[in-house]
There are 2 protein chains.
Amino acid sequence: MTPAATRRTVTLEDVAKEARVSRATVSRVVNGNEKVDQDLARRVVKAIASTGYIPNAAARTLVNRRTGTVALVMSGSDGSAAQVFADPFFGRITGGVVTYLRDRAMHPTLMLADSDRARRDALDFVRRGNADGALLVSTHAGDPLPQLFVDAGVPAVLFARPALPVPISFVDLDHEAGAALAANHLAERGCRQVATIAGPADLPAANSRLAGFQRAMARHGVPFVQVAHGNFTADSGEQAMIELLTAVPEIDGVFAANDLMAVGALRALRDHGRVVPDDVALIGFDDSEPARLTRPRLTTISQPVEEMAARMTAMLLTLLDTPGTAPSSVVFDPYLVARESA
Amino acid sequence: MTPAATRRTVTLEDVAKEARVSRATVSRVVNGNEKVDQDLARRVVKAIASTGYIPNAAARTLVNRRTGTVALVMSGSDGSAAQVFADPFFGRITGGVVTYLRDRAMHPTLMLADSDRARRDALDFVRRGNADGALLVSTHAGDPLPQLFVDAGVPAVLFARPALPVPISFVDLDHEAGAALAANHLAERGCRQVATIAGPADLPAANSRLAGFQRAMARHGVPFVQVAHGNFTADSGEQAMIELLTAVPEIDGVFAANDLMAVGALRALRDHGRVVPDDVALIGFDDSEPARLTRPRLTTISQPVEEMAARMTAMLLTLLDTPGTAPSSVVFDPYLVARESA
DNA sequence: GTGAAAGCGCTAACAG
DNA sequence: CTGTTAGCGCTTTCAC
């Protein structure tokens, strides 16, 4: 073999020279494109190896208009950086996205959109062509992010239905149905003094769960359910449970709008000498890791986050390949995972 | 205002024409670079606004050799995608990295290196210039990733000291000291029948914690500590605790090499009717979210992951700005967080 | 099938 | 201070 080249940077040109062909031919071989003569191809391959050639992504992108990168934008309420990443949700979404993307030789670039400035940055990131499109994990109701992307005509797909009616693709869960599952389970156990720990009021998903739960309980002859609000953290769940305990001393069933709050509720219940599920049955939502870590283990409503994230990614890639496509949506069905807490 | 341009893509050229200046001048204004005449600058700014100009990242990168992106490579044992992202560690590292990067207008691209193929992809990603450098979260001992990057001369910094002696920068924690902190605390409580739930044997950090614990206990006159191994998951911790309970029935103190395993141990302990901390004191490691969620709350050894991740990122950026720099390392000090479990 | 040549959009000397 | 002129490395018609 010839000694490895010491040049600052090996280009297509160098390979061409080495293989005694034109740049165009090397390009064709590199991209496995057209029909290139076997012999030439062999020579090119050898030249690539001997020169240690590595294609330059920027040059490619400049002409192809493709980066192989998508922005994964975590939209959080202002200044919630730490909390966003601490939530098990983040890991699950990321896992789903990465897993889907890697098989297509693509990668997500992480972005936090928790201020006007950050939102503009995220948008500009893809407008400048740093990414081909965006995956928006949008949460709260007033989030201007979706509209921002739609207005700019930037390809994007949402995780969670937009609160405001924005013409954009999204994946979501049937939150109402999930909450109804919890209500049914509680009712079947014979719970009558039922309460719920709801999520933040500015979060559409949280409201759907609350509404779904109330409606379903009403169908079971329980027209009133006490509600306390939390913010999806364990501590807030504990706090809410304490409130509930005072408001409804004879409480025998609780539905928490996510697992983390259910974990907090579990703590409060234990501290107050209530045995779960004997004294009070408790159901969470999400079926995330924490649900499996408690004692008793949490009965919960499963949300297939990884699968949803993968689907969202697939939708974005389709959108990228077929620009004109109209927005579409996919709503996943939740199901109840019966464990020990209810 | 003139009507917004409908052109397919607005370039510097268009802005120049609109402002009646040269491309160079526009470029200068855009980059806030040199001293440009106030009047011209104003005209340019106006033209940028009226044309809706957005700089093209690829073109820029092609000449600058900078992308503003760094690869965040999570190295996992083969085929552990899901587990990597489920670990609270992942979120904490990501949080630290994103937080540090965003102020510098940079972003991390996520990558999972859990196979030879994936490792090469990660390396090529930055070699092709998709990213300026790499942050390697390398775990297990045999990991070829660090060496791979060093051999290729690609700028990279590790999270966790490399098992094999590789000339590369890294941040790490003084695991031995952390374990010793746990040992001292247990000894001070008067624990004598002590055991530890160690991490995977192929993980340097886990071994250091084990060694540090054993050594410190020996200093306290406890020459032998029973050890059971887990794999850093809660389930494995529970399993290990069960083993320990049979091996050392009179056990009164346990040190788990991470919080997740401690959570599992807590479950086993409860199931066996042992009261924590009265019957047996339990200490975890990491001070991650789960440590705060249990009842009793976990006494644990704090590892400042976010801070370490930020520092690692800072080191990479320095390396990028000053290519010739010799590898450096920063070792953080752990401290004990006393809560209720010990 | 293969090569020549024309850009992709931008920055950075280098003159003026 | 500003404009002119080369490229950065690659893909892609378009002739041969």
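All of these numbers come straight from a predicted model, not from anything done at the bench. In what follows, every chain begins at residue 1, and chains take the letters A, B, ... in the order their sequences are listed.
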Exercise. Quick one: R66(B) CZ to dT11(C) P, roughly how many Å, whole number?
Worked result: 15 Å
Where do N or O atoms of nucleotides 14-16 of chain D meet protein N or O atoms at under 3.5 Å, pair by pair?
none

Exercise. Would you say T51(A)'s side chain and A47(A)'s backbone share a donor-acceptor pair under 3.5 angstrom?
Worked result: yes
For this session: Answer with base, sugar-phosphate or nothing: what part of the nucleic acid does V30(A) contact at a heavy-atom distance below 4.0 Å?
Result: nothing
Problem set entry | Which residues share a salt bridge (Lys or Arg N to Asp or Glu O under 4.0 Å) with D124(A), sequence neighbours left out | R127(A)
Exercise. Knowing that exactly one of V137(A), L112(A), D114(A) qualifies, which makes a side-chain contact (heavy atoms from CB on, under 4.5 Å) with V84(A)?
Worked result: L112(A)
Exercise. Between the main-chain N or O of A71(A) and the side-chain N or O of T109(A), is there a donor-acceptor pair closer than 3.5 Å?
Worked result: no
Exercise. Quick one: side-chain hydrogen bond (donor to acceptor under 3.5 Å, both in side chains) pairs with a partner in residues 306-325 of chain B, sequence neighbours left out?
Worked result: R66(B)-D321(B), R92(B)-E306(B)
Exercise. Just by modelled atom types, is the A19(A) backbone N or O under 3.5 Å from a matching donor or acceptor in the R43(A) side chain?
Worked result: yes
For this session: Using whole Å, report how far CZ of R43(A) lies from C1' of dT2(C).
Result: 11 Å
Please set out all donor-acceptor pairs under 3.5 angstrom arising from side-chain atoms of residues 145-167 of chain A, sequence neighbours excluded.
unit_1  : atom_1 : unit_2  : atom_2 : d
R161(A) : NH1    : D172(A) : OD2    : 3.0

For this session: Please step through side chain to side chain contact (heavy atoms under 4.5 Å, CB included) for the pair S75(A) and H140(A), ending with a clear verdict.
Result: CA-CA 8 Å; S75(A) 139; H140(A) 51 294; 3.9 Å; yes
For this session: Start with the C-alpha gap between V30(A) and R60(A), add the side-chain angles, then the distance that decides, and say whether side chain to side chain contact (heavy atoms under 4.5 Å, CB included) holds.
Result: CA-CA 12 Å; V30(A) 170; R60(A) 239 176 205 178; 3.3 Å; yes
Seminar exercise, completed: A correct dot-bracket answer for DNA chain D, with pairs being Watson-Crick or G-U at under 3.5 Å, [ ] for crossing pairs and | for inter-strand pairs, is ||||||||||||||||
Exercise. Does T25(A) have a side-chain nitrogen or oxygen under 4.0 Å from the phosphate oxygens OP1 or OP2 of dG3(C)?
Worked result: yes
Problem set entry | Distance-only side-chain donor-acceptor flag, D143(B) / S138(B), under 3.5 Å | yes
Under 3.5 Å, which N/O atoms of the protein pair with N/O atoms of nucleotides 6-10 of chain D?
unit_1  : atom_1 : unit_2 : atom_2 : d
dA6(D)  : N6     : R23(B) : NH2    : 3.1
dC8(D)  : O3'    : R65(B) : NH2    : 2.8
dG9(D)  : OP1    : R65(B) : NH2    : 2.8
dG9(D)  : N2     : A59(A) : O      : 3.4
dC10(D) : OP1    : Y53(A) : OH     : 2.3
dC10(D) : OP1    : N56(A) : N      : 3.2
dC10(D) : OP2    : L12(A) : N      : 2.5
dC10(D) : N4     : R23(A) : NH2    : 3.0

